[in-house]
Amino acid sequence: MDKTNYFMYINGEFVSAEHGESMLVYNPATEKVIAEVPSATPSDVNRAVQAATLAQAAWAKTPAIERAQFLKQIANNLRAQPDDLAHIVTEEQGKTLSLARDEVLLTADYIEYMAEWARRYEGEIIQSDRRNENLFIFKQPVGVVAGILPWNFPLFLMARKMAPALVTGNAVVIKPSEDAPINSLEFAKIVDQVGVPKGIFNVVTGDGPVTGAALASHPQVGLVSFTGSYEAGSSVMKMAAKNIARVSLELGGKAPAIVMKDANLDLAVDSIVKSRIINTGQACNCAERIYVHQSIEEEFTRNLVRRMEQIRFGDPLQESGLDMGPLINKEAVQSIDEKVQDAVHKGAKVLTGGHPAVQMMGCHYEPTVLVDVTQDMPIMRQEIFGPVLPVMKFETFDEVIALANDCEYGLTSSIYTKNLDIAMRACNELKFGETYINRENFETIQGFHAGWRRSGIGGDDGKHGLEEFLQTHIVYLMYDGTAN
Ligand code: NAD
């Protein structure tokens, strides 16, 4: 197939980069080039931020319910034709077509959900210490929001930034991942069709160190809403610090899944496998390290291996009924393999998988289960974005809580038990932003997705997520009090 040339979306126009620079986009299932997108220079980024700044003043004065109408139209357009966009997400990112379709529909739900906040978000009136005075806290937009995205759920994560930003009266400049930028540019076409005023929604494409850095460090950006790795998030925070811009960082995870001896084993195995193979293990909330009670370890791992061996993977545009597509690129395959081989070298045993699927075209890793791992191995400590499950046994609840919490990341966690006392202790003692009890890891749009420690600062979704896009303005209003 020939590659398609795309343009960025700045100030309501589809444009090339300043000097025509561009970058290539690949299909990870075939490793073939599918598209060429502009590589935005700092001056292109500046153009987008200037346009956003200019447009935002009028947008903030537009009633929230009118802003929300645009969002609702975008959601309707997505729902009316989810398949074309799903195909693009699959082609550039590699997830199965059914998951890509779910992502498009979830994106529509998310945008609609955020639109519904238009009549609901509120300021406050506070009691004054003085006679004839009122204190008002207004909730006002931060101005221009920079949304920097990863590639794993590219369309949904873009909506997670643009929808709350727009409904609260901000303008946004999106910088999608260099690995999956096309869906944002296709989305820009929908934004354009529904007539969102020019400059309110912009997309600049390019790499992290140039385009992303120019956006994160721009002095007119009021909030940098970043989703990605701890390493890039930490640099973005430093850049934003220069301008004392706000940051909301949604970073990596290393989610423990704890299986107690009273757990429903079928449920635990099923949920853990689902939580690991979704998007080929490339989700921040994936179950990444399993702690199972020693009394049930044998039965649990036997069932787990059986399920992992049933996982079907391949090229999602060529085969139907797959559980997984490819990983995002060859570097990802290599990085996973290094951690698996390191664990084996240090004494871990592979029960299934354990290698790149070299016999296949594209970037695939075999669904893998390892036992005899130890807490100090990188495989139990560093984020692994792939279908790999290391399993470690434990004896007591105190011990497993300590093992679970012994982690630089603090995004999600899960536990399988029927014991209320254990479940309540887990709620109170697991040091993570999110805990799933007796279910797979996946957050809802009305919740609050926020990591502890190196998993981030701030958060997304629900009313708390919306607040990230607002700043307070307190007004002390005195009046004479003599009118009659
Ligand atoms: P990444 O950090 O490599 O890239 C993310 C984005 O940051 C890209 O757009 C990239 O171009 C940009 N970037 C990179 N360096 C930059 C710099 N110096 N300045 C400005 N921008 C820069 O991450 P990735 O590989 O795309 O995504 C995977 C990571 O994202 C994983 O760690 C995953 O856990 C995390 N993630 C977190 C969540 C969450 O909600 N917590 C959700 C999805 C993904």
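Note that these values count all heavy atoms, side chains included, but never hydrogens, waters or copies made by symmetry. Atoms within each ligand, like the ligands themselves, are counted from 1 in listed order.
With salt bridges taken as basic N to acidic carboxylate O contacts below 4.0 Å, one links Asp109 and Arg79. Salt-bridge check for Glu440 with Lys274: failed, with every basic side-chain N at 4.0 Å or more from each acidic carboxylate O. Taking 4.0 Å as the cut-off between side-chain N and carboxylate O, Lys95 and Glu92 do not count as a salt-bridged pair.
Geometrically, Arg453 engages Phe432 in a cation-pi contact, judged by NZ or CZ lying under 6.0 Å from the ring centre and within 45° of the ring axis.
Considering only heavy atoms from C-beta on, Ile190 comes within 4.5 Å of Leu78 through its side chain.
Looking at every heavy atom in both residues, Ala165 comes nearest to Val145 through CB-CG2, 4.1 Å.
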Please give the N or O to N or O pairs under 3.5 Å between ligand 1 and the protein, distances rounded to 0.1 Å.
residue, atom, partner, partner atom, Å
ligand 1, 2 (O), Ser229, N, 2.8
ligand 1, 2 (O), Ser229, OG, 2.5
ligand 1, 9 (O), Leu149, O, 2.7
ligand 1, 9 (O), Lys175, NZ, 2.9
ligand 1, 11 (O), Lys175, NZ, 2.6
ligand 1, 11 (O), Glu178, OE1, 2.6
ligand 1, 11 (O), Glu178, OE2, 3.3
ligand 1, 11 (O), Gly208, N, 3.2
ligand 1, 23 (O), Ser229, N, 3.4
ligand 1, 25 (O), Trp151, NE1, 3.0
ligand 1, 26 (O), Trp151, NE1, 3.2
ligand 1, 30 (O), Gly228, O, 3.3
ligand 1, 32 (O), Glu383, OE1, 2.6
ligand 1, 34 (O), Glu383, OE2, 2.5
ligand 1, 40 (O), His449, NE2, 2.9
ligand 1, 41 (N), Leu251, N, 3.3
ligand 1, 41 (N), Leu251, O, 2.8

